[in-house]
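Below is one structure; the comments refer to it alone.
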Amino acid sequence: TAKSDHSGLAVAVEGADDDTGRRRLTTLEEFRAGLDRDELVLHYQPQLDVATGAVVGVEALVRWNHPARGLVYPDGFLSLAEHAGLMGRITLQVLEKALGQCRDWRAAGLGLTVAVNLSASNLHDPSLPDHVADALARYGVPPAALHLEVTEEVLMRDATRATRTLDELRAMGIRLAVDDYGTGYSSLAYLHALPVDDLKLDRAFVAHCDTDPRSAAIVKSTVELAHNLDMRLIAEGVENEAVLDRLRDWDCDLVQGYHLSRPQAPERLTPWLLERQVTPVAS
Ligand code: C2E
Ligand code: MG
Ligand code: MG
Ligand code: MG
């Protein structure tokens with residue numbers, strides 16, 4: 001029987017008599033084992049300052065390096081993990097790896113910020129800010145070098161509770177971004193009240209803004225909205241030069257996308273970074 005993604009855990013427990021259920025049960029058990037065996041890896045996608053052309057940061061994107069199946073992308077395990085209550089552990093592992101990498105890059109003179117994605121359950125965990133502070137101190141990474149991303153959908157679902165956690169993180173000097181902006185259902189009132197620094201406009205609006213007038217209108221007015229709220233606008237999903245040129249014309253702040261680089265393992269990204277203009281470490 002077909003059940004929705006939202007019942008991931010229930011399917012895993014009850015669904016042993018159908019194929020989907022059996023597959024998910026295997027996956028959840030395998031995934032737990034994978035977590036124990038430290039099989040999560042991070043790929044990093046560069047973020048470019050449109051005005052200067054410098055690479056200023058990276059976004060950390062998690063993959064599961066499955067011993068037999070190879071790299072499994074977030075679509076293949078994150079919603080299951082969230083329903084199984086594993087996001088706390090995942091986020092802590094991701095933070096460790098991302099901050100360790102950020103420290104290494106900084107030691108090599110590359111003053112990159114690193115953005116980490118948070119899930120809904122992370123915002124309900126009152127111990128998250130302390131864990132983040134502890135990890136920053138252990139790796140010697142300044143809080144301003146860490147950016148945290150929360151999707152618009154998650155922010156809106158429980159704005160009051162989310163705001164409390166986000167306020168604490170922001171008070172530490174960490175930058176916060178609304179991810180996939182434009183795909184949720186946030187009202188301007190929430191946007192007005194939320195303690196965030198950056199809007200990441202979803203790639204659905206960015207991808208064809210060079211040819212589609214409606215996308216263009218949305219991008220332009222969202223840049224203006226962000227700037228009027230003292231936020232930066234980050235465009236995701238920049239796949240060609242024409243889009244990048246438009247975004248530059250429209251005063252967009254940062255861009256990310258396949259046109260610049262796909263997310264890559266740090267061993268591959270580091271040489272790429274060393275050949276480009278990268279923000280130096282502030283002394
Ligand atoms: P996201 O945070 O919005 O990340 C952007 C996604 O778009 C990434 O997919 C990235 O590979 C992809 N992308 C980047 N540039 C382009 C482009 O030019 N064109 C297209 N078509 N796609 C592009 P990915 O890595 O599969 O991640 C999917 C989602 O999984 C992320 O969306 C994020 O919501 C979630 N995710 C990834 N890593 C983590 C993590 O460590 N923790 C949490 N909680 N969520 C994560
Ligand atoms: Mg993101
Ligand atoms: Mg996004
Ligand atoms: Mg997304």
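From a predicted model like this one, the values you see are computed outputs, not experimental measurements. Indexing begins at 1, ligand by ligand and atom by atom, following the structure's order.
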Would you please say whether a donor-acceptor pair under 3.5 Å links the side chains of [X] and [Y]?
X	Y	value
Glu153	Thr183	no
Asn122	Thr91	yes
Asp253	His227	yes
Glu241	His259	yes
Glu267	Thr270	no
Gln47	Glu59	no
Gln45	Tyr258	no

Assess [X] for proximity to ligand 1: is some non-hydrogen atom of it under 4.0 Å away?
X	answer
His259	no
Glu59	yes
Glu82	no

[X] heavy atoms, cut-off 4.0 Å: which ligand 1 atoms fall inside?
X	answer
Pro263	11 (O)
Met87	44 (N)
Ser119	44 (N)
Val94	41 (O)
Gln45	14 (C), 15 (N)

Atom name, Asp179 (N, O or S, nearest to the Mg ion (ligand 2)): OD2
Restricting to N, O or S, what is the name of the atom of Glu59 that lies nearest the Mg ion (ligand 2)? OE2
Looking at Lys220 and Asp251, is there a salt bridge between them, counting it only when a charged N and a carboxylate O are closer than 4.0 Å? no
Starting at NE2 of His147, measure out to CG of Leu169 and round the result to the nearest 0.5 Å. 13.0 Å
N/O of Asn122 under 3.5 Å from N/O of ligand 1, yes or no? no
For the 3.5 Å polar cut-off, considering only N or O atoms, please tell me whether Glu239 and ligand 1 meet it. yes
For ligand 1, note which part of [X] has a heavy atom under 4.0 Å away: side chain, backbone, both or neither.
X	result
Asp179	side chain
Val238	backbone
Leu78	side chain
Arg203	side chain
Glu236	side chain

Hey, does the side chain of Arg32 reach the backbone of Leu28 with a donor-acceptor pair shorter than 3.5 angstrom? no
The Mg ion (ligand 3): angle it makes with OE2 (Glu236) and OD1 (Asp180), nearest 10 degrees: 140°
Run the numbers on Glu30 and Arg69 for side-chain contact (heavy atoms from CB on, under 4.5 Å), then give the verdict. CA-CA 11 Å; Glu30 277 189 303; Arg69 276 186 282 157; 3.2 Å; yes
Closest to atom 39 (C) of ligand 1 (judged by heavy-atom distance), picking from Thr183, Val255, Val62: Val62
Among Leu260, Thr91, Leu61, closest by any non-hydrogen atom to atom 8 (C) of ligand 1: Leu61
Under the 6.0 Å and 45° cation-pi test, does Arg103 pair with Trp105? no
Check Trp250 against Cys209 and note the closest heavy-atom contact, atom names and distance. CH2-O, 3.4 Å
Is any N, O or S atom of Thr151 under 2.8 Å away from the Mg ion (ligand 2)? no
Near the Mg ion (ligand 2), is there an N/O/S atom from Glu149 that is less than 2.8 Å away? yes
